[in-house]
Amino acid sequence: MLTTTTATLSLSSSSSASQLPPLFHSLSPNPISLRFSSTLQLTKTRTRPTLKTLTRQKCQLPALRVSAKYEAAPATAEASTVPSEMKAWVYEEYGGVDVLKFDTKVAVPELLDDQVLIKVMAAALNPVDFKRRQGKFQNTDSPLPTVPGYDVAGVVVKVGSQVKDFKVGDEVYGDIHEKALDGPKQSGSLAEYTAVEERLIALKPKNLDFAQAASLPLAIETAYEGLERTGFSAGKSLLVLNGAGGVGSLVIQLAKHVFGASKVAATSSTKKLELLKSLGADLAIDYTKENIEELPEKFDVVYDAIGQCDKAVKVVKEGGSVVALTGAVTPPGFRFVVTSNGAVLKKLNPYLESGKVKPVIDPKGPFPFSKVVEAFSYLETNRATGKVVIDSIQ
């Protein structure tokens, strides 16, 4: 049975390409610390491409039809020679951590004209990574096999012919998938190299190392976009549920130091209350001892980063807003899926470089590249503080 999915490929207005680039050959410090516009029709059959069919010389996915004419633009390489193959973590089927396999002969991604090739120095894991691997949104996912990973920090080693803002040697960071759930790239950041559109990345803050920078993109863009969508502004109050998590820890800081919140309250377990205060929370609430529904005050905005929207709506002011990142949504709560945007990172870089906003990396990390399975297993316990980061990618 054939199904058809329509997606939009965003490139620069003068872009053209005649075929999709081959993706795979053989997929065998102080941290307190996701336009030429054309339509692609993906006709997917029940039989997914295997590693053997995804060859370097000819990555012909028979189920892929391009409904607009475009030609691959040449990329300009100015760095030392980029190899044709790389090490990467790969999965060929959806499932638990056991589907993750380490492969040393994965094809280095080829570039479209608006992309840069990044030598990955560090990457970070997000809940969307394991939900994608579990097949939670396989109907809108790219074809298997997949190199996972959204967040990246590294060095530009090659640039496409239409790239204007970056050059070989630039240290950059970003979320490589413009839409987290809608056709994310087949080749992600848990690899030695990854390709990404220049509009999705920014220069790495000068004061941060690669691991710290890699911890930020998807989480800080989610935190920022959520606050923006609520119309949050100076003088307003905010309650953050799961303030010690990857997104929550940044919501606290952005609300306080970027948006000018009058009061920020946040929840966590007992041992993480001091962290909340250090991030700028005026009120740190121990959820093991206090019921937020019984709080004596209400807030202009409640940012639910844990999945308790039913409780969150009970402590928001009339006319206020509730952001619900996960779990069931109770009105007036709303959910959104972040859009990767390098301009947001660029806007926030001064706050990061001044130290007003800090990356929060779980103390069990960074995990080495060889321990990606362990890192995923830990993330999936839902006990991480801040972000789970992978470094030493080589």
Side-chain angles (χ1 to χ4, degrees), residues 29-34 86-89 100 102 116-130 147-157 169-177 188-194 196 200-223 244-250 253 275 278-279 340 342 344-346 348-349 351-381 383-394:
N30 184 28
I32 56 168
S33 52
L34 120 12
M86 64 182 181
K87 300 171 186 174
W89 285 90
L100 288 162
F102 185 69
V116 303
L117 185 68
I118 297 173
K119 174 65 179 76
V120 180
M121 305 303 292
L125 303 185
N126 297 277
V128 69
D129 285 294
F130 68 76
V147 173
Y150 285 68
D151 289 324
V152 67
V155 180
V156 174
V157 294
D170 282 344
E171 297 182 349
V172 298
Y173 74 131
D175 169 5
I176 71 167
H177 304 296
S189 60
L190 290 177
E192 290 184 284
Y193 296 90
T194 195
V196 57
L200 306 186
I201 61 174
L203 292 174
K204 179 180 71 66
K206 297 180 179 64
N207 60 319
L208 301 185
D209 62 30
F210 287 109
Q212 291 171 312
S215 76
L216 290 166
L218 190 147
I220 202 168
E221 291 175 353
T222 300
V247 174
S249 60
L250 290 163
Q253 297 182 76
L275 171 62
S278 73
L279 297 176
S340 177
V344 171
L345 298 178
K346 184 176 180 180
L348 296 176
N349 271 357
Y351 297 95
L352 292 161
E353 291 180 337
S354 70
K356 291 182 177 179
V357 177
K358 301 177 177 66
V360 181
I361 297 177
D362 187 273
K364 288 186 178 293
F367 289 78
F369 194 42
S370 61
K371 300 293 184 181
V372 163
V373 171
E374 290 84 348
F376 264 109
S377 296
Y378 177 60
L379 176 66
E380 292 172 48
T381 66
R383 295 175 182 171
T385 299
K387 291 298 293 293
V388 174
V389 174
I390 310 295
D391 71 356
S392 303
I393 295 180
Q394 55 187 358

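All values reported here derive from a predicted model rather than from experimental measurement. Values reported hereafter were calculated over all heavy atoms of this structure, with side chains retained and with hydrogens, waters and symmetry mates removed.
Looking at T222 and L250, their side chains never come closer than 4.5 Å, going by heavy atoms from C-beta outward. At a threshold of 4.5 Å between non-hydrogen side-chain atoms, the residues V116 and V172 do not count as touching. Side chains of P205 and Y173 form a contact here, defined as non-hydrogen atoms less than 4.5 Å apart. Side-chain contact between V372 and P148: absent, with no pair of heavy atoms (C-beta onward) separated by less than 4.5 Å. Looking at F210 and V155, their side chains come closer than 4.5 Å, going by heavy atoms from C-beta outward. Here the side chains of V128 and L218 are in contact, with some heavy-atom distance below 4.5 Å. Looking at L345 and I220, their side chains come closer than 4.5 Å, going by heavy atoms from C-beta outward. Proximity of L279 to V360: side-chain heavy atoms (C-beta onward) are separated by under 4.5 Å at one or more points.
The minimum heavy-atom distance linking A202 with N349 is given by the pair CB-ND2, 4.4 Å. When all heavy atoms of I390 and A375 are compared, the pair lying nearest together is CD1-CB, 3.5 Å. Taking every heavy atom of both residues into account, I393 and S189 meet most closely at CD1-O, 4.4 Å. Residue K87 comes nearest to E192 through the heavy atom pair N-OE1, 2.7 Å, listed as atom of the first residue, atom of the second, then distance. Taking each heavy atom of A214 and A124 in turn, the nearest pair found is O-CB, 3.2 Å. Minimum heavy-atom separation, P363 to T385: CD-CB, 4.4 Å.
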Can you check side chain to side chain contact (heavy atoms under 4.5 Å, CB included) on L379 and F367, steps first, answer last?
CA-CA 11 Å; L379 176 66; F367 289 78; over 6 Å; no

Any chance you could lay out the side chain to side chain contact (heavy atoms under 4.5 Å, CB included) test for L216 and D151, step after step, and finish with the verdict?
CA-CA 8 Å; L216 290 166; D151 289 324; over 6 Å; no

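With hydrogens and angles ignored, the 3.5 Å screen pairs a side-chain donor or acceptor of N207 with a backbone N or O of L352. Remark: side-chain polar atoms of S392 are not paired, donor with acceptor, to backbone N or O of F369 under 3.5 angstrom. Between the side chain of N126 and the backbone N or O of D129, no donor-acceptor pair lies under 3.5 Å. Judged by distance alone, the side chain of E380 and the main-chain N or O of S377 form no donor-acceptor pair under 3.5 Å.
With sequence neighbours left out, the side chain to side chain contact (heavy atoms under 4.5 Å, CB included) criterion links S215 to P359, I361, K387, V389.
Other residues, nucleotides and ligands contribute more than 12 heavy atoms inside 6.0 Å of the CD atom of E353.
A cation-pi arrangement is present between K364 and Y378 under the rule of less than 6.0 angstrom and at most 45 degrees off the ring axis.
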